[in-house]
Number of protein chains: 2
Amino acid sequence: MQHNPSQGSNASKPEPGTQPGHTQAGHPQAGAGLLFLREEEFRIAQDKLFFAFRDLNAAPDAILHELGYGRAHHRALHWIGRMPELKVGDLLLILGITKQSLARVLGPLIREGYVEQGKGKVDRRQRLLVLTDKGVALERRLFEAARERLAAAYREAGGPAVEGFRKVLRGMTTEQGRKYLDALEAARSQKGPRILT
Amino acid sequence: MQHNPSQGSNASKPEPGTQPGHTQAGHPQAGAGLLFLREEEFRIAQDKLFFAFRDLNAAPDAILHELGYGRAHHRALHWIGRMPELKVGDLLLILGITKQSLARVLGPLIREGYVEQGKGKVDRRQRLLVLTDKGVALERRLFEAARERLAAAYREAGGPAVEGFRKVLRGMTTEQGRKYLDALEAARSQKGPRILT
DNA sequence: AATATATGACAGCAATGCTGACTTATGTGC
DNA sequence: GCACATAAGTCAGCATTGCTGTCATATATT
């Protein structure tokens with residue numbers, strides 16, 4: 001995950017050790033077989049989401065750390081890159097944090113020239129966020145750090161699996177989040193295919 | 001996400017607002033169509049993983065907050081529940097944090113009777129972690145809070161999609177993480193089916 | 001007996017959440 | 001045009017959860 005050089009005597013042996021893994025936690029008195037099977041499947045989803053998240057963020061985290069930034073900065077860069085001219089209010093809704101928490105992350109990004117804010121045309125109270133060239137470059141660097149892992153996963157799993165992957169993740173997302181996913185998709189139908197064909 | 005009652009004047013309108021979503025961030029001069037298509041697919045994975053994670057944790061977070069705990073406590077409870085008699089060292093490797101960070105989370109869980117530690121039989125330096133009844137109950141409560149969302153996702157997406165979902169997530173996981181996933185799977189082949197049939 | 005390992009504990013620092021309170025600019029309704 | 005609402009920013013203080021460094025204790029290993 002992070003930086004764990006030697007120190008006193010922290011964890012060491014990278015061997016997972018033969019864990020029994022009883023999968024206890026529940027099953028008071030069996031009987032409703034299908035119910036428990038279902039439950040185990042949900043727990044598997046949690047297990048795997050945890051590991052995927054952990055391992056996908058490891059490389060970007062290291063880069064961010066060098067720059068004195070953290071994951072919160074990455075999230076902001078990601079979403080501003082994904083939706084240029086994103087309004088501050090939308091970014092808050094996406095991230096699910098308070099204005100004050102965002103400020104601490106966005107402030108430095110703006111001051112150090114990774115993000116710029118324009119005034120809204122329709123509503124001039126709004127600030128529309130965009131990445132500067134420097135911001136695009138950093139976002140790209142972070143993306144490339146995770147890319148290999150993503151590519152390997154897609155390659156190993158194959159096209160149909162990827163489709164299922166996306167379908168399930170969408171299913172776990174609230175209606176609010178889906179609106180943003182849909183907006184991205186709509187943007188793709190306009191601009192994406194043009195590149196391909 | 002968290003608790004955001006009214007305060008001064010924070011974010012308000014829950015309307016996503018019609019975001020353009022140019023999907024800029026990159027594409028200097030097009031040409032290698034397939035490459036960029038590929039890139040967009042990876043970015044979609046990041047988008048969706050973010051939302052799924054955000055929305056899946058919202059309900060458990062609220063419960064944890066009531067108890068004065070946080071996500072870190074949830075992660076510990078989850079993994080100890082999944083792998084009873086988990087060694088402290090293994091938990092550290094799974095979570096990817098330092099011993100000192102774990103201590104702050106595990107200490108309270110033990111003191112308040114959610115987790116117990118037994119001495120290792122083979123190596124008596126080891127502490128084997130298990131959930132107490134109280135711990136099982138809390139873990140279950142947290143699980144149930146996320147369950148509905150998981151169930152909806154699996155239902156909407158369907159069996160083959162779920163298979164793909166798991167395959168892709170595994171692909172994003174390092175070899176180290178896969179060992180633990182495999183250990184869980186091995187445990188299932190021993191005990192799981194017995195319940196079903 | 002010497003050394004290595006598994007765990008625990010103390011101290012201090014950093015990143016990133018939160019709440020509360022207040023300001024400034026701008027839009028809207030009447 | 002005035003009253004009120006909304007978008008955004010800012011200051012202050014607190015909590016959670018990471019990190020580093022240092023040291024202690026029990027138990028294996030050689």
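Chain letters run A, B, ... following the sequence lines, proteins first, then strands; residues in each count from 1.
- Candidate nucleotides C:dG27, C:dA6, C:dT7 were compared by shortest atom distance to the side chain of B:V88, and C:dT7 ranks first.
- OP1 or OP2 of D:dT16 has not a single side-chain nitrogen or oxygen of B:H65 nearer than 4.0 Å.
- You'll find that the side chain of B:S101 is closest to D:dC19, out of C:dT26, C:dT7, D:dC19.
- B:R104 places its CZ atom 13 Å from the P atom of C:dG12, with the value rounded to the nearest Å.
- In this structure, B:L109 and B:V105 have side chains that are in contact, with non-hydrogen atoms separated by less than 4.5 Å.
- To the nearest angstrom, C1' of D:dG9 lies 13 Å from CG of A:L129.
- The phosphate of D:dA28 has neither OP1 nor OP2 within less than 4.0 Å of any side-chain N or O from B:Q126.
- Nucleic acid contact class of A:A72 (heavy atoms, under 4.0 Å, all strands): sugar-phosphate only.
- For the residue pair B:Q176 / A:R54, a side-chain donor-acceptor distance below 3.5 Å is found, with atom types taken as modelled.
- Summarising the geometry, the separation between NE2 on A:H74 and C1' on C:dG17 is reported as 19 Å, rounded to the nearest angstrom.
- Place A:G120 and A:R75 on DNA chain C by their nearest nucleotides, and A:R75 ends up nearer the 5' end.
- The side chain of B:Q100 lies closest to D:dG21, out of D:dT10, D:dT27, D:dG21.
- Not a single donor-acceptor pair, N or O on each side, falls under 3.5 Å between the base of C:dT7 and the side chain of B:R125.
- Residue-level contact check: A:R127 touches the backbone only, with heavy atoms under 4.0 Å from sugar-phosphate atoms and none from bases.
- One can place CG of B:L109 at 13 Å from P of C:dG8, the figure rounded to the nearest angstrom.
- For the pair A:D123 CG and D:dA5 P, the computed distance is 17 Å after rounding to whole Å.
- Aromatic ring centroids of A:Y114 and A:Y69 lie under 6.0 Å apart.
- The residue B:G68 sits close only to the backbone: its heavy atoms come under 4.0 Å of sugar-phosphate atoms, none of a base.
- If you take CZ of A:R54 and P of D:dG18, they are 13 Å apart, rounded to a whole angstrom.
- Under 3.5 Å, the side chains of B:H78 and A:D47 contain a donor-acceptor pair of N or O atoms.
- Checking A:Y69 against A:K119, the closest nucleotide of DNA chain C that is more toward the 5' end is the one next to A:Y69.
- Taking atom CG on B:L106 and atom P on C:dA6, their separation rounds to 17 Å, with Å as the unit.
- For the pair A:K87 NZ and C:dA25 P, the interatomic distance rounds to 22 Å; values are reported in whole Å.
- With B:Y154 contributing its side chain and A:E41 its backbone, the two residues share a donor-acceptor pair below 3.5 Å.
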